[in-house]
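The next block holds one structure in the form of structure tokens; read it before the comments.
For the single chain, residues carry numbers from 1 onward in sequence order. The model shown is predicted, which means the values in this text are computed figures rather than measured ones.
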Amino acid sequence: MSNGNSNDKIATATLGTGGPEVGVQGLGCMGMSFAYGPTTDEAEARATLERALELGVTLYDTADVYGAGENEKFIAPFIRAHRDQVVLATKFALSIDPENPRARTIRNDRPYIRRAVEASLQRLGVDEIDLYYMHRRDVNVPIEETVGAMAELVAEGKVKHLGLSEVTGGELRAAQAVHPIAAVQSEWSLFSRDIEAHVVPAARELGVALVPYSPLGRGFLTGSFVQAEELSGDDFRRTMPRFTGDNAAANAALLEPVRAIAQEHGASLGQVALAWLQQQAQVHGLTVVPIPGTRRRSRLEENAGATRITLTADELAALEPIAGKVAGGRYADMSFTSAGRE
């Protein structure tokens, strides 16, 4: 497998104008305590956090909604132990009913933001959050008002840099007019490319970095499973259209060109998917820092190895049509995503 020297540190990039310097690949921490089935090996997950830092992965991504605050608590000891070496990203705005994962409440108003940041600071045991994201957009609150409230947190020293998640190109421009935005987080992968129409051009124009979540299509692009029935009963991917029934079988067939390119490079399917996304930085002329999630060191090392793979123009062309053939939406309800509002 094409991992390169497993102890070589990955390259770095800067998020936004004057934003933090981070490894060109970050770590999504959600699955260590939330969403992707039972998390039984806490020791391995903690070892994965430490190994990531050894490899130069310095952006650690969590959110207050992940496990109703439990994910922030989980990574807190690691963050505090390496406070000067890591960039801590967390988010506010989204809550999920544990009895009904499809039921979501979104809040972007100033009183809620102030309560949310204080709660996150307490759970994380830090004085300042390096990158604070608006997790989802409440269309009933002007984005200028939301970003203005976030900017107050910067002025007060509770937050260093601001980020937005799942915003449209227009919303990003309106936000940037209020306060510099370091990064926009949205789903972006070989399976999900809707942000390329409006969000990516806006980010390029404004000098804002893209931080793609689910860069491996929530694991589907690794080829490790074909349909939702292979996942544990409490895995939230069972609610997603792309993972169910005929959609799953159709989408599995789309992996054939990924598999062929992986064989050519002596790499995994996931590495090819990540390498493709990383090269979108050159294609679109902006900073791209994916945050693949994992709770195992072996998968982490595999993901980091993707930063050393360069796909040829022919290989990129072979992968180009995949997204247009994907069956099923990212979520059953797309209204709270940027694609649902553009």
Side-chain angles (χ1 to χ4, degrees), residues 1 3-10 23 25-83 85-91 96 98 101 120 123-126 189 212-240 243 267-271 273-274 290-307:
M1 189 171 296
N3 285 333
N5 187 325
S6 62
N7 290 313
D8 287 346
K9 289 197 173 186
I10 63 175
Q25 189 180 106
L27 179 61
C29 299
M30 179 178 78
M32 291 182 174
S33 56
F34 175 68
Y36 293 124
T39 53
T40 56
D41 196 343
E42 180 178 320
E44 176 62 18
R46 294 196 179 282
T48 299
L49 292 169
E50 297 286 349
R51 180 62 176 142
L53 189 56
E54 291 175 355
L55 294 174
V57 175
T58 55
L59 177 62
Y60 293 80
D61 185 271
T62 183
D64 59 3
V65 71
Y66 299 160
E70 289 304 312
N71 196 243
E72 288 181 326
K73 292 178 184 177
F74 180 83
I75 71 168
F78 168 79
I79 296 295
R80 292 196 300 269
H82 303 285
R83 193 66 194 96
Q85 299 171 272
V86 302
V87 174
L88 166 65
T90 192
K91 315 178 195 73
I96 297 176
S120 286
R123 284 189 294 265
L124 289 158
V126 298
S189 73
Y213 71 83
S214 299
L216 294 170
R218 300 192 185 277
F220 204 101
L221 286 164
T222 67
S224 57
F225 65 93
V226 173
Q227 53 191 0
E229 288 71 21
E230 298 176 52
L231 304 171
S232 62
D234 57 351
D235 192 309
F236 89 136
R237 288 172 290 186
R238 282 175 168 262
T239 69
M240 295 182 160
F243 294 87
S268 69
L269 275 71
Q271 286 179 317
L274 287 171
I291 49 169
T294 185
R295 50 201 182 203
R296 300 197 304 276
R297 282 171 289 180
S298 59
R299 184 68 78 181
L300 172 84
E301 291 169 355
E302 177 185 324
N303 291 344
T307 65

- Message: Does R46 form a salt bridge (Lys or Arg N to Asp or Glu O under 4.0 Å) with E50? I'd like the steps, not just the answer.
- Response: CA-CA 7 Å; R46 294 196 179 282; E50 297 286 349; over 6 Å; no

- Message: Using a 3.5 Å distance criterion without hydrogens, assess whether the side chain of T48 forms a donor-acceptor pair with backbone atoms of R295.
- Response: yes

- So, does Y60 use its side chain to make a donor-acceptor pair with the main chain of F78 at under 3.5 Å? no

If you measure from [atom1] on [X] to [atom2] on [Y], what distance do you get to the nearest 0.5 Å?
{"X": "T58", "Y": "Q85", "atom1": "OG1", "atom2": "CD", "value": "10.0 Å"}
{"X": "L88", "Y": "C29", "atom1": "CG", "atom2": "SG", "value": "9.0 Å"}
{"X": "Q271", "Y": "N303", "atom1": "CD", "atom2": "CG", "value": "7.5 Å"}

Heavy-atom pair with the smallest gap, counting every atom of [X] and [Y]:
{"X": "L216", "Y": "G270", "value": "CD2-O, 3.4 Å"}
{"X": "A304", "Y": "L55", "value": "CB-CD1, 4.1 Å"}
{"X": "S189", "Y": "P215", "value": "CB-O, 3.3 Å"}
{"X": "N71", "Y": "S33", "value": "ND2-OG, 2.7 Å"}
{"X": "P292", "Y": "G26", "value": "CD-O, 3.6 Å"}

Pair [X]-[Y], side-chain donor/acceptor within less than 3.5 Å:
{"X": "E302", "Y": "S268", "answer": "yes"}
{"X": "D64", "Y": "S120", "answer": "no"}
{"X": "E72", "Y": "T90", "answer": "yes"}

- Message: I'd like to know if R297 and E44 make a salt bridge, using a cut-off of under 4.0 Å between side-chain N and carboxylate O.
- Response: yes

- Item | Basic-acidic side-chain contact under 4.0 Å: K91, D61 |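 Yes, this pair counts.
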
- Query: How about F74 and Y66: are their ring centres within less than 6.0 Å of each other?
  - Reply: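 Between F74 and Y66, the centre distance exceeds or equals 6.0 Å.
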
Does [X] reach the side chain of [Y], with side-chain heavy atoms less than 4.5 Å apart?
{"X": "L221", "Y": "L269", "result": "no"}
{"X": "T294", "Y": "L27", "result": "yes"}
{"X": "M32", "Y": "L49", "result": "yes"}
{"X": "L274", "Y": "Q25", "result": "yes"}
{"X": "I75", "Y": "L124", "result": "yes"}

- Message: Going by side-chain hydrogen bond (donor to acceptor under 3.5 Å, both in side chains), name the residues that satisfy it together with R83, two or more places apart in sequence or in a different chain.
- Response: D130

